[in-house]
Number of protein chains: 2
Amino acid sequence: MPASPTDTASTTRERILDVALELFTSQGYDKTSLREIAERMEFTKAAIYYHFASKADILKALHMRLHDFGRDSMESMEDEASLEAWATLLEGLIDQMLAQRALFMFHERNQAAIEALHDEAHEGEHRDIQDWFRQVLSNEKLPAETRVRLACAIGAVMGGLAFSGEVFASIPSDELGGMLRRAVGSLLDAPSP
Amino acid sequence: MPASPTDTASTTRERILDVALELFTSQGYDKTSLREIAERMEFTKAAIYYHFASKADILKALHMRLHDFGRDSMESMEDEASLEAWATLLEGLIDQMLAQRALFMFHERNQAAIEALHDEAHEGEHRDIQDWFRQVLSNEKLPAETRVRLACAIGAVMGGLAFSGEVFASIPSDELGGMLRRAVGSLLDAPSP
DNA sequence: GTCTATATAGGGATAGAC
DNA sequence: GTCTATCCCTATATAGAC
């Protein structure tokens with residue numbers, strides 16, 4: 001989908017997105033001005049408008065990165081889902097999530113701004129991981145206990161992820177991944193009595 | 001600390017805070033204007049300045065509500081903390097958190113804004129639950145696996161909480177509380193092999 | 001593709017009347 | 001305690017030169 005002229009890896013557009021990702025995550029979307037982004041890019045505010053139609057457009061582009069994430073995982077299991085299948089899937093996703101943790105933290109810290117985006121322009125079929133999680137959790141065919149367990153498992157991973165850059169910085173990613181997988185296992189392999 | 005003239009329960013100030021809590025949670029702090037709050041209060045923007053020195057002051061006041069929350073829990077166990085002690089404490093906190101879930105969701109969705117507050121005015125000894133969690137999680141005396149488990153447990157509760165108003169709305173609070181307690185138990189009662 | 005203006009609006013905050 | 005009117009600043013966005 002992203003088709004630059006020569007389709008090189010690191011275009012200006014991508015670099016803007018990387019800067020924005022960092023600033024939006026550390027300061028929040030609203031508190032980050034285009035001037036600030038431009039300063040880091042070492043050109044002026046107006047130049048950004050050559051690459052993006054609006055500030056919201058930058059947010060949307062970043063949001064799209066999450067869309068791409070795990071698209072195949074979502075397609076692999078549509079409606080039906082046993083607890084075991086979920087455990088396996090989630091555990092498989094952890095490494096990818098750790099590798100992309102900047103992206104997840106960005107989303108966690110800018111939910112409000114991103115939701116505002118959805119309200120206006122839900123053009124075409126959306127369906128990012130969050131929507132997908134939400135849909136499964138609201139599937140009333142599954143017993144309540146199962147759905148709550150699932151929500152806890154997702155929350156647990158997010159919790160571990162959120163601290164991975166700060167207080168868990170000294171723990172290597174693969175070790176952290178192992179710990180998170182075991183935690184998810186504890187949550188999902190022990191059904192109600 | 002909140003000393004109104006007659007110290008009645010529901011003062012205008014408190015009502016402003018309630019409105020702000022709702023709007024800040026649903027739209028985010030930055031996207032909510034004082035004009036919007038004033039409209040709901042059925043008076044004008046400027047009137048708010050009689051009760052609060054600034055918009056940030058409103059945010060701070062709401063933040064203080066979290067400060068009060070579980071202050072005693074924090075004092076009861078300072079540094080030393082076994083995994084069992086933590087499990088007990090966390091399970092005991094769940095009901096209170098559920099009762100105050102609006103407050104927690106507000107915090108989750110406005111982390112960036114609240115952090116900006118901390119940076120400027122860390123007047124006096126702060127120490128809300130989040131700070132406290134963070135401190136424990138960074139205590140290198142505890143084994144990494146334990147700390148990660150703890151982070152997961154906290155995340156699990158937050159995960160369950162976050163959906164309690166939406167997809168879990170049909171589940172009674174006390175039942176949801178029980179499920180969350182069992183989930184926390186699964187996470188913290190099964191140490192590494 | 002990046003720049004220098006400049007237009008415009010919205011929101012936070014103040015002064016002072018009632 | 002609440003209101004009107006107003007100031008001021010910042011941020012988005014545009015127009016058009018280089």
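Per chain, numbering begins at 1; letters A, B, ... match sequence-line order.
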Revision key, fill the gap. Contacts of B:Arg101 meeting salt bridge (charged side-chain N to carboxylate O under 4.0 Å, His left out) (sequence neighbours excluded), chain-then-number -> none

Practice item. Note the angle between the end axes of the helix from C:dG1-D:dC18 to C:dC18-D:dG1, five pairs defining each, rounded to 10 degrees. Key: 10°

Point to revise | Contacts of B:Arg35 that satisfy salt bridge (charged side-chain N to carboxylate O under 4.0 Å, His left out) - sequence neighbours left out | key: B:Glu39

Under 3.5 Å, which donor-acceptor pairs do the side chains of residues 42-53 of chain B form with other protein atoms, sequence neighbours left out?
none

Point to revise | Contact state string [nucleotides 3-18 of chain C, B base, S sugar-phosphate only, - no protein heavy atom under 4.0 Å] | key: BB------SBBB----

Review point. Angle class for the B:Trp86/B:Phe133 ring planes (parallel below 30°, perpendicular above 60°, tilted otherwise)?
Key: tilted

Check your understanding: Is any side-chain N or O of A:Tyr50 closer than 4.0 Å to OP1 or OP2 of C:dG1?
Key -> yes

Check your understanding: Can you tell me how far P of D:dT2 sits from CD1 of B:Ile16, to the nearest Å?
Key -> 8 Å

**Study point:** Partners meeting salt bridge (charged side-chain N to carboxylate O under 4.0 Å, His left out) with B:Asp68 (sequence neighbours left out)
**Key:** B:Arg71

Please report, to 0.1 Å, the donor-acceptor pairs under 3.5 Å made by any side chain of residues 87-99 of chain B, with sequence neighbours excluded.
residue : atom : partner  : partner atom : Å
B:Thr88 : OG1  : B:Glu84  : O            : 2.9
B:Asp95 : OD1  : B:Arg181 : NH1          : 3.4
B:Asp95 : OD2  : B:Arg181 : NH1          : 3.4

**Study point:** Partner set under salt bridge (charged side-chain N to carboxylate O under 4.0 Å, His left out) for A:Glu175, not counting sequence neighbours
**Key:** none

Practice item. With sequence neighbours excluded, tell me which residues meet side chain to side chain donor-acceptor pair (under 3.5 Å) with B:Arg134. Key: A:Glu166

Review point. Could you give the CD1-to-P distance, from B:Ile48 to D:dG1, as a whole number of Å?
Key: 16 Å

